[in-house]
Amino acid sequence: MSPSAKSETFLEVDGREVRISNPGKVVFPEPGLTKLDLARYYVAVADGALRGAGGRPMVLKRFVKGLGQEPFFQKRVPEGHPDYIDTATLRYASGTSAEEAVLRDAAGLAWVSNLGCLDLNPHAVRAEDLDHPDELRVDLDPMPGVDWSQIVDVAFVAREVLRDVGLTGWPKTSGSRGLHVLVRIEPRWGFADVRLAAETLAREVENRAPGLATAHWWKEERGESVFVDFNQNAKDRTVASAYSIRPLPDARVSTPLDWDEVRSRRPEEFTVPTVLQRFADRGDPHAGIDAEAGSLDGLLALAAELGPAEKPPRSGDGAGRRVSTMPLIEVARTKTKPEAMDALERWKAANPTAAALLHPADELVDGMRGSSSQWYRVRINLQHVPEPDRPAQGQLLADYDPWAGR
């Protein structure tokens, strides 16, 4: 069947027929990629994509209205899913549970692609053992004003720390501005220990690269540094896995690298067309990752040596709320990122004296997870504005409530 914007076609994938609805619908206008192109991409790189996401329960992050709209997050596998989609029931700290999709083969990749899932968001556990992660995830998240060379420097420090505790790191681009370093571990520890190990790694990276890297959880305290995001190892968290297509106009891909490529390559080089060619030419640089599962004993011993991490101050009002050490004001809460950026620019236009003194890392635009979708919070850190010139907290320029009507 010839694909068109209002038709369906079927991909034959390893003896299975996978339905692709609206195959001619253009998802990425800039490179001209359609829904069918994206499904075919995932089939072509299935060996690598399944190494990252296969066998793991995953949250479905669905862009059903296209790149211009925020996705919604679907934990529960859709009813009527094909029999080649396995499931696993995850129980969350909130007391809720969800039967989530588990992909086992290339047909499963094509199926989730058809649902509007651009990137793959698996948990760090296998479906056969939901209590013991087999992957520690090092997410190097640059603050505004940080360039690629600084991210790379921090990545090599992280590699050095991992080597010192007997672990092997496998780098990949995040598909946005940062880098991920994946670490296979033996599934012998629970989530609390894995998160502690990740936090310890972050603290040690900060110790070895002060000013370049930070383990400070609170964004306003990081400055122009690379945040080693240890909380991606919490039980409820998922991360875009290897070969995930990211929702950027150029159809960028989260791409596994060899360490000798990390300094010379750039995230923007890796898009759906270029990764298809790269994969055909050389296969997956992470092909050996599953043979390198290591022990957390070294990081947990280092955790004991470093002692407890410093905790943020709390208020004395009995509510236990955190008190920031920085002079923060909140500008807006919005449904979409463009609305958030618009609110930020309106605030800066209304406060030109203060705006001229802000550093890039003082403009805090945070994506916040709502009940089923993301929303945005805009704040300003006035640390570089003299106290007499600091604007007071005013009425929010936008006050979106992601929980309204629930």
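Computed from heavy atoms alone, side chains included, the values below leave out hydrogens, waters and symmetry copies. FYI, the numbering just counts along the sequence from 1.
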Just distance, no hydrogens or angles: give the donor-acceptor pairs under 3.5 Å from side chains in residues 84-93, sequence neighbours left out.
| residue | atom | partner | partner atom | Å |
| --- | --- | --- | --- | --- |
| Asp86 | OD2 | Arg104 | NE | 2.8 |
| Thr87 | OG1 | Glu99 | OE2 | 2.7 |
| Tyr92 | OH | Glu100 | OE2 | 2.1 |

Inset, instruction - Check whether the side chains of Gln232 and Asp139 place a donor and an acceptor atom closer than 3.5 Å, and report yes or no. - result: yes
Legend entry - From Thr271 atom OG1 to Glu30 atom CD, the distance as rounded to the nearest 0.5 Å: 9.5 Å
Inset, instruction - Would you mind checking if Glu135 and Arg184 are paired as a salt bridge, meaning a charged N to carboxylate O distance below 4.0 Å? - result: yes
Inset, instruction - Enumerate the residue pairs fulfilling salt bridge (Lys or Arg N to Asp or Glu O under 4.0 Å) with a member in residues 248-257, sequence neighbours excluded, ordered by first and then second residue. - result: Asp250-Arg252
Inset, instruction - Any pair with a residue in residues 381-399 that passes salt bridge (Lys or Arg N to Asp or Glu O under 4.0 Å), sequence neighbours left out, goes on the list, sorted by first then second residue, please. - result: none
Legend entry - For Arg237, salt bridge (Lys or Arg N to Asp or Glu O under 4.0 Å) partners two or more places apart: none
Legend entry - Backbone N/O of Arg137 and side chain of Asn233: donor-acceptor pair under 3.5 Å: yes
Inset, instruction - Check for a donor-acceptor pair, side chain of Thr274 on one end and backbone N or O of Glu269 on the other, with a separation under 3.5 Å. - result: yes
Inset, instruction - Say whether, by atom type as modelled, one donor and one acceptor occur between the side chain of Asp366 and the main chain of Met368 under 3.5 angstrom. - result: no
Inset, instruction - Hey, could you give me each pair passing salt bridge (Lys or Arg N to Asp or Glu O under 4.0 Å) that has a residue in residues 37-51? Not counting sequence neighbours. - result: Asp47-Arg51, Arg51-Asp284
Legend entry - Within residues 158-199 or reaching into it, pairs that qualify as ring-ring contact (aromatic ring centres under 6.0 Å, His included) - sequence neighbours excluded: Trp170-His286
Inset, instruction - Could you walk me through whether Arg195 and Phe230 pass the side-chain contact (heavy atoms from CB on, under 4.5 Å) test, one step at a time? - result: CA-CA 7 Å; Arg195 186 183 181 281; Phe230 54 88; 3.3 Å; yes
Legend entry - Residue pairs, two or more places apart or on separate chains, that pass ring-ring contact (aromatic ring centres under 6.0 Å, His included) and touch residues 242-263: Phe156-Trp259, Tyr243-Phe279
Inset, instruction - Decide, yes or no, whether a salt bridge links Asp258 with Arg282 under the criterion of side-chain N to carboxylate O below 4.0 Å. - result: yes
Legend entry - Listed once per pair and sorted, the ring-ring contact (aromatic ring centres under 6.0 Å, His included) pairs that draw on residues 110-149, sequence neighbours left out: none
Donor-acceptor contacts, no H, no angles, side chain residues 293-308, under 3.5 Å, sequence neighbours left out:
| residue | atom | partner | partner atom | Å |
| --- | --- | --- | --- | --- |
| Ser295 | OG | Asp297 | N | 3.0 |
| Ser295 | OG | Asp297 | OD2 | 3.2 |

Legend entry - Asp134 backbone acceptor or donor facing Arg188 side chain under 3.5 Å: no
Legend entry - salt bridge (Lys or Arg N to Asp or Glu O under 4.0 Å) involving Glu330 - partner list, sequence neighbours excluded: Arg333
Inset, instruction - Verify whether one side chain among Lys35 and Ser21 offers a donor that lies under 3.5 Å from an acceptor in the other. - result: yes
Inset, instruction - Let me see the working for Ile329 and Leu382 under side-chain contact (heavy atoms from CB on, under 4.5 Å), right down to the final yes or no. - result: CA-CA 8 Å; Ile329 60 172; Leu382 297 170; 4.0 Å; yes
Legend entry - Side-chain ion pair, Asp153 and Arg263, N-O less than 4.0 Å: yes
Inset, instruction - Please tell me if the side chains of Val138 and Val228 come closer than 4.5 Å, counting only heavy atoms from C-beta onward. - result: yes
Inset, instruction - Considering only NZ, NE, NH1 and NH2 on the basic side and carboxylate oxygens on the acidic side, decide whether Asp105 and Arg16 come within less than 4.0 Å. - result: yes
Inset, instruction - Find out whether Leu115 and Pro78 are in side-chain contact, i.e. whether some heavy atom of one side chain is under 4.5 Å from a heavy atom of the other. - result: yes
Legend entry - Leu364 side chain reached by Ile380 side chain, heavy atoms, under 4.5 Å: no
Inset, instruction - Classify the side-chain pair Ser254/Lys172 by whether it contains a donor and acceptor separated by less than 3.5 Å. - result: yes
Legend entry - Leu33 CG to Ile245 CD1 distance, which is reported to the nearest 0.5 Å: 7.5 Å
Show me, pair by pair, the donor-acceptor contacts under 3.5 angstrom made by side chains of residues 342-350, not counting sequence neighbours?
| residue | atom | partner | partner atom | Å |
| --- | --- | --- | --- | --- |
| Asp342 | OD2 | Arg346 | NE | 3.1 |
| Lys348 | NZ | Glu363 | OE2 | 3.1 |

Legend entry - Backbone of Thr336 reached by a side-chain donor or acceptor of Glu339 within 3.5 Å: yes
Legend entry - Electrostatic pair Arg379:Glu220 at N-O distance under 4.0 angstrom: yes
Inset, instruction - State whether a side-chain donor-acceptor pair under 3.5 Å links Gln383 with Asp362. - result: yes
Inset, instruction - Please name all residues satisfying salt bridge (Lys or Arg N to Asp or Glu O under 4.0 Å) with Arg246, sequence neighbours left out, ordered by chain then number. - result: Asp119
Inset, instruction - State whether the number of non-hydrogen atoms from other residues, nucleotides or ligands found under 6.0 Å of Asp14 atom CG is greater than 12. - result: no
Legend entry - Whether Thr238 side chain and Pro122 backbone form a donor-acceptor pair below 3.5 Å: no
Inset, instruction - Carefully, step by step, assess Lys337 and Tyr376 under the rule side-chain contact (heavy atoms from CB on, under 4.5 Å). - result: CA-CA 6 Å; Lys337 189 168 185 179; Tyr376 292 86; 3.7 Å; yes
Legend entry - Main-chain N/O of Ala49 paired to Tyr42 side chain as donor or acceptor, under 3.5 Å: no
Legend entry - Validation row: Val239, Asn121 side chains within 4.5 angstrom (heavy atoms): no
